[in-house]
Amino acid sequence: MGNSHQGGVAHAATVSKFYSQTAWIEGRAEDQLTHVSNWPGMKHIAAFPDLHPGRHGPVGAAFLADRLYPQLIGPDIGCGMALFALDLSPRRLKLDKAARRLRVLQEPLPEDLVQDALVANGLARPDGLGTIGGGNHFCEVLEVTASEAGSPIAKGALCLLVHTGSRGHGARVYNAVDEPWKEGFDPGSAAALDYRELHDAAQHWANVNRLLIAERAAEALSSDAALICDAPHNHLEEVDGLWLHRKGAAAPDHGLAPLAGSREAPSFLLKVRETATPDALWSVSHGAGRKYDRASMHGRIKLNRSGLAAMERTAQGGRVICENRDLMIEEAGAAYKDVTSVAADLEDAGLAARIATLKPRITFKCTRKEGQS
DNA sequence: ATGTAC
């Protein structure tokens with residue numbers, strides 16, 4: 001664990017794996033790791049215990065190269081997890097009422113507020129600003145059930161975890177990248193400079209989006225949200241003249257990063273030891289990581305006659321608002337790895353320590369739209 | 001992951 005070793009091919013990047021022998025890692029994810037390690041200019045890769053297969057390379061890894069690879073970042077540029085403290089006590093949180101109120105997150109942000117946000121933050125386009133989007137994105141209310149020394153949130157407090165990114169804005173940037181780009185971009189090329197400028201703007205857009213969603217959710221709950229940390233996990237960063245690509249690997253914010261579990265498992269706040277482990281490329285896991293791909297989940301989850309309703313309440317008594325049947329199945333707790341094992345591997349590797357345990361109470365994913373099942 | 005088109 002954590003030991004660096006050369007790949008089998010000349011000039012391949014070094015790969016550091018921060019997971020134990022018993023970690024759930026698909027062979028295909030490790031094959032992708034080896035494949036990317038042979039890309040031109042790839043120097044070093046850090047792979048984390050949430051590693052799983054992705055479209056152009058594994059998710060749950062950080063890649064350091066002397067070239068730029070937009071496909072390693074993907075369309076959701078700037079996607080990340082932001083954690084907020086809520087000014088609201090668990091006793092005052094009425095789950096069903098609060099869940100109903102959070103449904104406002106499905107609505108577009110009112111146009112006047114969009115315009116205000118664009119001006120205040122120097123953003124170019126609305127592109128769905130203030131909404132969380134689909135896939136694995138969510139806005140969740142959690143209760144702090146354990147808190148260690150150094151934690152900014154106390155046991156018994158409520159917090160808000162927002163997982164979203166740059167929506168249509170980053171997707172447009174990504175989809176506009178001229179192919180072919182399999183060899184990556186020379187960092188000095190016009191294409192690279194263009195991508196970097198648009199990427200940085202999309203990352204900022206995503207950052208603002210998480211803050212706006214937290215404000216909307218807090219207002220719906222008649223509370224206030226105070227930012228604890230906002231850790232992006234899909235982005236490009238220059239490090240000593242090289243290019244660090246994070247794909248589902250979190251960049252800690254002031255040494256903190258949320259580690260998302262699932263609707264059936266806790267999440268954790270991690271204190272990250274950023275300087276101790278350059279082999280980890282100043283990154284950690286951002287969540288449990290997918291155990292089963294979306295398609296295969298439909299054969300694994302059998303909804304009974306009560307259908308979605310059975311999944312709208314978790315075993316822990318939490319509420320889930322996800323009125324898209326397919327998404328509910330694809331995002332079931334069973335689709336994710338054991339987050340406690342992921343956290344233990346990060347701790348054993350000396351990368352991070354859990355300083356707070358967060359139990360999901362209400363997860364907002366989506367309400368029903370016309371035409372959806 | 002997205003918006004749009006089928």
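If you take NE2 of A/His235 and P of B/dA1, they are 17 Å apart, rounded to a whole angstrom. Rounded to an integer number of Å, the gap from A/Glu330 CD to B/dA1 C1' is 13 Å. Remark: P of B/dA1 and CZ of A/Arg210 are 14 Å apart, rounded to the nearest angstrom.
Using bins of under 30°, 30° to 60° and over 60° for the plane-to-plane angle, the ring pair A/Phe48/A/Phe18 lands in the parallel bin. Aromatic ring orientation, A/Trp39 versus A/His35: perpendicular (interplanar angle above 60°, classes split at 30° and 60°).
The side-chain contact (heavy atoms from CB on, under 4.5 Å) test applied to A/Ala98 returns A/Leu93, A/Leu221, A/Ile362, not counting sequence neighbours.
Judged by a 6.0 Å distance limit and a 45° cone about the ring axis, A/Arg263 is positioned over the six-membered ring of A/Phe138.
Tested against A/Thr367 for a side chain to side chain contact (heavy atoms under 4.5 Å, CB included), the candidates A/Ile321, A/Leu105, A/Val104, A/Leu102 yield a single pass: A/Ile321.
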Could you list all N or O pairs between the protein and nucleotides 2-6 of chain B that sit under 3.5 Å apart?
from: B/dT2; atom 1: OP1; to: A/Arg167; atom 2: NH1; distance (Å): 3.1
from: B/dT2; atom 1: OP2; to: A/Gly134; atom 2: N; distance (Å): 2.9
from: B/dT2; atom 1: O3'; to: A/Gly168; atom 2: N; distance (Å): 3.3

